[in-house]
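Residues take their numbers from the sequence shown, with the count starting at 1.
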Amino acid sequence: MQLEEKTSRRQAAIFQAVTEALSECEYHQLTIEDIAARAGVGKSTIYRWWKHKSELVLETFRAHTASVFDLDSAQSLEANLVQQLSRLAEALNHPLGRALLVVMANHRELAGDFFHHFLLPRREQMHELLRKSVERGEIRADYPFDLMLDSLYGPIHYKIIFFNRMPDEAYIRALVALALQPVRMRA
């Protein structure tokens, strides 16, 4: 067996162990000892790749959502936004997503790294989709798109963090319609 394959299998087992553990406990109760036991690896194996459980939670979230937020440029902007926000709500409402929110609130440096390496590339993909939507004549080009994106994603976080509720499809569709109303091309 090649070293890369063995490493990949071990990391997958560790990610699965983190996900399972977080379905049974809160982030502050999560221990490296429990994760190692569940994954069938030694603590030293985990510490070889991650210095702290917060880094491990971030990496597990990335692995868990690797293709979840992919966009489909063949679909309309509205369909993509509804899909993105629905998937974001599901991911953040998952025990792993809730742990991620705790990590980001408590570890500024890790939150910055997560923003630059995970969230920013997805935002750039969304900007590319907005550019294509302008080219297709779906939306105006002269609009503050960063503000629009903030106004779409912010309420999802707000509902989950402050109200402890996952936004339903009707809420997400209404939110997208509200955000797109001023930017749509007038017939």
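Few gaps surround OH on Tyr143; more than 12 heavy atoms of other groups in view lie less than 6.0 Å from it. Heavy-atom contacts from other residues, nucleotides or ligands closer than 6.0 Å to CD of Glu169 number 12 or fewer. More than 12 heavy atoms of other residues, nucleotides or ligands shown are found within 6.0 angstrom of CD on Glu33.
For the pair Leu71/Arg122, no side-chain contact is recorded, criterion being any heavy-atom separation below 4.5 Å from C-beta on. Put simply, the side chain of Met148 reaches to within 4.5 Å of the side chain of Leu130, judged on heavy atoms. With contacts defined as side-chain heavy-atom distances shorter than 4.5 Å, the pair Phe61/Met104 does not qualify. The shortest side-chain heavy-atom distance between Ile160 and Arg98 falls under the 4.5 Å cut-off. The closest side-chain heavy-atom distance from Leu180 to Leu81 is below 4.5 Å.
Listed by chain and residue number, nothing satisfies the ring-ring contact (aromatic ring centres under 6.0 Å, His included) test with His117 (two or more places apart in sequence, or in another chain). For Thr65, there are no side-chain hydrogen bond (donor to acceptor under 3.5 Å, both in side chains) partners at least two apart in sequence or on another chain.
Within the 3.5 Å criterion, the main-chain N or O of Glu138 finds no donor-acceptor partner in the side chain of Arg136. Panel note: side chain Asn93, backbone Arg165; no donor-acceptor pair is recorded below 3.5 Å. Counting only distance, with no hydrogens or angles, the side chain of Lys53 and the backbone of Leu30 share a donor-acceptor pair below 3.5 Å.
When all heavy atoms are compared, the tightest approach of Ala179 to Ser151 is CB-OG, 4.5 Å.
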(request) Report the C-alpha distance between Gln11 and Glu59 in whole Å, list the side-chain angles of each, state the deciding distance to 0.1 Å, and finish with yes or no for side-chain contact (heavy atoms from CB on, under 4.5 Å). (result) CA-CA 10 Å; Gln11 287 183 345; Glu59 191 65 31; over 6 Å; no
(request) Verify salt bridge (Lys or Arg N to Asp or Glu O under 4.0 Å) between Arg123 and Asp150, making sure each step is shown before the conclusion. (result) CA-CA 10 Å; Arg123 193 165 179 111; Asp150 290 346; 2.9 Å; yes
(request) Could you check Phe15 against Trp49 for ring pair (Phe, Tyr, Trp, His ring centres under 6.0 Å), going step by step and ending with a plain yes or no? (result) CA-CA 12 Å; Phe15 294 155; Trp49 293 313; 8.8 Å; no
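Using a 4.0 Å cut-off between a side-chain N of Lys or Arg and a carboxylate O of Asp or Glu, Arg131 and Glu128 qualify as a salt bridge.
When hydrophobic clusters are built by joining Ile, Leu, Val, Met, Phe, Trp and Tyr residues whose side-chain heavy atoms come closer than 4.5 Å, directly or via intermediates, Leu178 is not grouped with Val176. Taken together through direct or relayed side-chain contacts under 4.5 Å among Ile, Leu, Val, Met, Phe, Trp and Tyr, Phe162 and Met166 form parts of separate hydrophobic clusters.
In this structure, Phe69 and Phe118 have perpendicular ring planes: the angle between them is above 60°, well past the 30° mark. Using cut-offs of 30° and 60° on the angle between ring planes, the pair Tyr158 and Phe163 is perpendicular.
To the nearest 0.5 Å, atoms CG (Leu22) and CD (Gln29) are separated by 10.0 Å.
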